[in-house]
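Below you'll find the structure, written out as structure tokens, and then a few comments.
Residues: numbered from 1 along the sequence shown. Scope of the values below: all heavy atoms of this structure, side chains included, with no hydrogens, waters or symmetry mates. Predicted model, so just to flag it, every value in this text is computed and none were measured.
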Amino acid sequence: MSNNNYKPLWLKGGLLYAKALKDAGYHPVEVGLGERDFYVDVESETSITMNEADKLIEKVKSEGSVDVKVNAEVSPSNEAPSHFKILNISVHHPDPSRQLVRIRGVAFSSEEQLKDYLSWLEKVSEIDHRILGEKLDLFSFHEESGPGLVLYHPNGQVIRNELMNFMREVNSSMGYNEVYTTHVYRSELWKISGHYELYKDKMLIFNHEDDELGIKPMNCPAHILIYKSRSRSYKELPIKFSEFGHVYRWENKGELYGLLRVRGFVQDDGHVFLMEDQLEQEVKLLVSKTLEVLSMFGFGKDSVKIYLSTRPDESIGTDKQWEKATSSLENALKSLKQPYEVKEKEGAFYGPKLDFEIKDSLGRSWQLSTIQVDFNLPERFKLEYVDRDGEKRRPVMVHRAIFGSIDRFLAILLENFRGKMPTWLSPVQVRVIPITSEVQEYARRVMQEFSSQGIRVDLDDSSETLSKRIKGSYDDGVPYIVIVGKKEASESKVTLRGRNNVEIRGVPLVSAVNEVKGEISRRDVNQTALERLRS
């Protein structure tokens with residue numbers, strides 16, 4: 001379904017809806033188009049409820065105009081829509097003294113068009129990470145903070161922390177030591193690294209107190225300074241630093257796309273300083289570990305493509321350095337019998353790289369992991385180590401990120417799993433639902449048993465029907481629902497319900513806790529607790 005065909009009609013609908021708002025005593029100031037809807041911004045000290053917004057649909061007239069700013073690249077349709085649906089209401093502040101209520105909706109000429117569109121939107125909402133993020137209360141973007149700058153809510157931060165904790169274990173298994181580096185550095189650092197000359201168009205550079213400073217687009221220069229903070233011996237190499245480094249790259253506004261392309265993001269970054277004869281072995285380790293990590297999330301070899309990106313036109317370093325760096329990547333891949341394709345002139349300005357791309361749920365390719373070999377930055381920063389013969393030599397540097405951007409990786413996982421994240425990544429892993437108020441005490445005991453094992457659990461003892469509470473848990477993406485009634489309470493058992501309406505009754509409480517805990521600790525993608533209990 002092409003939304004572009006409907007946009008002139010939506011814009012007309014937004015203008016008519018703005019007229020209805022004005023007639024009702026509100027102060028609409030702007031009408032515009034989103035990707036899937038129109039919006040009307042209303043200047044108001046208080047918010048507007050969905051019920052109030054819905055009632056205004058009845059007051060929409062096919063004629064009339066309203067004096068508002070129009071923010072759209074299309075002209076409004078001559079046809080007046082007659083069927084409206086309000087989708088969302090939010091609040092933002094264009095400046096400190098003004099509050100705008102944004103009402104988002106769609107408008108169509110017929111009820112059939114509206115029903116078809118809402119049906120399509122419901123299907124899309126199952127796979128679009130932006131809609132899933134809003135629905136599951138994971139993250140948000142705000143006009144006040146700026147485009148491409150994400151705010152993670154508590155649920156979203158749980159997932160980020162789980163991903164980072166997992167990567168800490170991966171890094172530790174490969175001998176990395178975690179560091180922290182700050183966000184802003186003097187421009188001298190970026191001039192030495194070459195970013196000031198070759199990456200300046202994506203950097204935020206500013207002057208303060210007679211100093212020119214730049215917010216970091218990459219973590220490597222800071223890791224280099226840590227390496228340089230004291231003398232190094234060949235006996236220490238390879239030296240490996242890791243960091244969950246927050247970087248900022250000022251992408252064009254039109255290129256921004258949810259979490260998949262943002263301006264501020266976190267990399268699971270890492271840098272290895274090593275001798276040249278250690279290089280191929282290190283690249284082989286990183287390629288193998290990267291494929292292993294991706295496979296844990298369901299991205300097997302068939303869904304991962306490796307590209308060797310070669311020297312771009314704008315680069316630093318000598319031909320010899322680039323040849324050695326490129327050969328080390330090629331040799332490692334050939335040694336592993338790993339297929340790859342070449343992307344000419346798409347390497348980083350300081351060295352060639354391997355890019356790992358996966359296909360998302362919509363068939364789009366996204367670059368995640370990267371491994372880059374760099375002879376140039378060690379030269380520019382005059383890095384040294386003392387070799388076996390007492391001579392000072394230059395180390396080689398390997399840049400790597402396995403998730404790549406944690407934000408992009410999270411978006412792809414959300415879409416790949418349709419918001420139903422594996423249990424170990426789910427913000428709420430178990431929800432306990434008592435059938436009646438008479439088993440409240442047992443339900444709390446069940447909740448405590450799960451919680452005591454480090455499992456994220458909550459309790460839904462609301463007055464809603466059992467079926468509504470179960471549906472609400474599915475909508476919230478909760479992987480396990482534990483239902484308890486009088487029979488379960490009398491026998492210290494539970495009914496364990498998973499996804500796809502799979503249910504096992506009469507499970508001993510201790511067995512349910514242990515199997516769910518095992519699934520989480522193994523970081524299984526599937527609901528193996530149910531599988532093991534059924535068998």
Value rounded to 0.5 Å, distance of CG in Asn171 from CD1 in Ile402: 6.0 Å
Whether His129 and Phe139 hold their rings parallel, tilted or perpendicular, with breakpoints at 30° and 60°: tilted
Lys/Arg-Asp/Glu bridge criterion (N-O < 4.0 Å) met for Asp37, Arg104: yes
Pairwise side-chain contact, Phe166 with Phe297, heavy-atom cut-off 4.5 Å (strictly under): yes
Residues in ring pair (Phe, Tyr, Trp, His ring centres under 6.0 Å) contact with His399, at least two apart in sequence or another chain: His271, Tyr350
More than 12 heavy atoms of other groups within 6.0 Å of Glu144 CD: yes
Short side-chain donor-acceptor distance under 3.5 Å, Asn155 and Asp137: no
Glu43 vs Tyr26 side-chain heavy atoms within contact, under 4.5 Å: no
Rounded distance [0.5 Å steps], CD in Glu134 versus CZ in Phe141: 11.5 Å
Check: Tyr474 and Asn501 side chains under 4.5 Å, non-hydrogen atoms: yes
Over all atoms of both residues, closest heavy-atom pair of Leu56 and Ala24: CD2-CB, 3.4 Å
Side chain Gln527, main chain Pro479, donor-acceptor under 3.5 Å: yes
Sidechain N-carboxylate O distance under 4.0 Å for Glu415, Arg130: no
Validation row: Ser140, Leu151 side chains within 4.5 angstrom (heavy atoms): yes
Gap separating the CG atom of Leu425 from the CZ atom of Arg523, nearest 0.5 angstrom: 8.5 Å
Lys115 and Glu111 ion-paired at < 4.0 Å: yes
Listed partners of Ser172 passing side chain to side chain contact (heavy atoms under 4.5 Å, CB included), at least two apart: none
Which residues share a ring pair (Phe, Tyr, Trp, His ring centres under 6.0 Å) with Tyr17, sequence neighbours left out: none
Check: Glu357 and Val304 side chains under 4.5 Å, non-hydrogen atoms: no
Neighbour count >12 (heavy atoms, 6.0 Å) for atom NZ, Lys284: yes
Interatomic spacing from CG in Leu509 to OG in Ser492 - rounded to 0.5 Å: 7.0 Å
Expected output: side-chain Ser405 to main-chain Asp407 donor-acceptor under 3.5 Å: yes
Verdict with reasoning, Val428 to Val457, per side-chain contact (heavy atoms from CB on, under 4.5 Å): CA-CA 6 Å; Val428 177; Val457 57; over 6 Å; no
Atom pair CG/CD of Leu21 and Glu52 - distance to nearest 0.5 Å: 10.5 Å
Cation-pi check, Arg102 onto Tyr39 ring (under 6.0 Å, within 45° of axis): yes
Any residue meeting side chain to side chain donor-acceptor pair (under 3.5 Å) with Arg160, in chain and number order, not counting sequence neighbours: Gln157
Which residues share a side chain to side chain contact (heavy atoms under 4.5 Å, CB included) with Val502, sequence neighbours left out: Asn500, Leu530, Arg534
Listed once per pair and sorted, the ring pair (Phe, Tyr, Trp, His ring centres under 6.0 Å) pairs that draw on residues 446-469, sequence neighbours left out: none
Minimum heavy-atom distance between Ala53 and Ile48, given as atom pair plus value: N-CG2, 4.1 Å
All ring pair (Phe, Tyr, Trp, His ring centres under 6.0 Å) counterparts of Tyr248, not counting sequence neighbours: His183, His246
Results of salt bridge (charged side-chain N to carboxylate O under 4.0 Å, His left out) for Glu122 - residues two or more places apart only: none
Any residue meeting side chain to side chain contact (heavy atoms under 4.5 Å, CB included) with Lys55, in chain and number order, not counting sequence neighbours: Asn51
Donor on one side chain, acceptor on other, His83 and Ser110, under 3.5 Å: no
Modelled atom types, side-chain donor and acceptor of Lys216 and Thr181, under 3.5 Å: yes
salt_bridge(Lys240, Glu282) N-O dist < 4.0 Å: yes
Short N-O contact, Lys486 and Glu491, less than 4.0 angstrom: no
Distance-only side-chain donor-acceptor flag, Asn526 / Thr528, under 3.5 Å: no
Criterion side-chain contact (heavy atoms from CB on, under 4.5 Å) on Glu243 and Val179, from CA distance to verdict: CA-CA 5 Å; Glu243 179 178 12; Val179 300; 4.1 Å; yes
Pair Glu255 + Arg261, salt bridge at N-O below 4.0 Å: no
Contact check, side chains of Asp524 and Pro422, non-hydrogen atoms, under 4.5 Å: no
Over all atoms of both residues, closest heavy-atom pair of Val150 and Tyr152: CG1-CE1, 3.6 Å
Interatomic spacing from CG in Leu100 to CD in Glu30 - rounded to 0.5 Å: 8.0 Å
Test item: side-chain donor near acceptor, Glu79 and Ser109, under 3.5 Å: yes
Derivation of the side-chain contact (heavy atoms from CB on, under 4.5 Å) call for Phe417 and Ile412: CA-CA 8 Å; Phe417 291 114; Ile412 290 172; over 6 Å; no
Note: Arg497-Glu503 ion pair, threshold 4.0 Å (strictly below): yes
Electrostatic pair Asp476:Lys135 at N-O distance under 4.0 angstrom: no
Ring pair (Phe, Tyr, Trp, His ring centres under 6.0 Å) involving His93 - partner list, sequence neighbours excluded: none
Donor-acceptor under 3.5 Å (Arg499 side chain, Gly477 main chain): yes
Any side-chain donor near an acceptor of the partner, Thr423 and Glu519, under 3.5 Å: yes
Cation over ring face, Arg400 and Tyr176, 6.0 Å, 45°: yes
Any Phe265 side-chain heavy atom under 4.5 Å of Leu149 side chain: no
Aromatic ring pairing Trp10/Tyr6, orientation class (parallel under 30°, perpendicular over 60°, tilted between): parallel
Pairing residues for Ser437 by the side chain to side chain donor-acceptor pair (under 3.5 Å) criterion, not counting sequence neighbours: none
Arg445 and Tyr442, any side-chain heavy atoms less than 4.5 Å apart: yes
For Lys305, side chain to side chain contact (heavy atoms under 4.5 Å, CB included) partners two or more places apart: Tyr307, Glu341
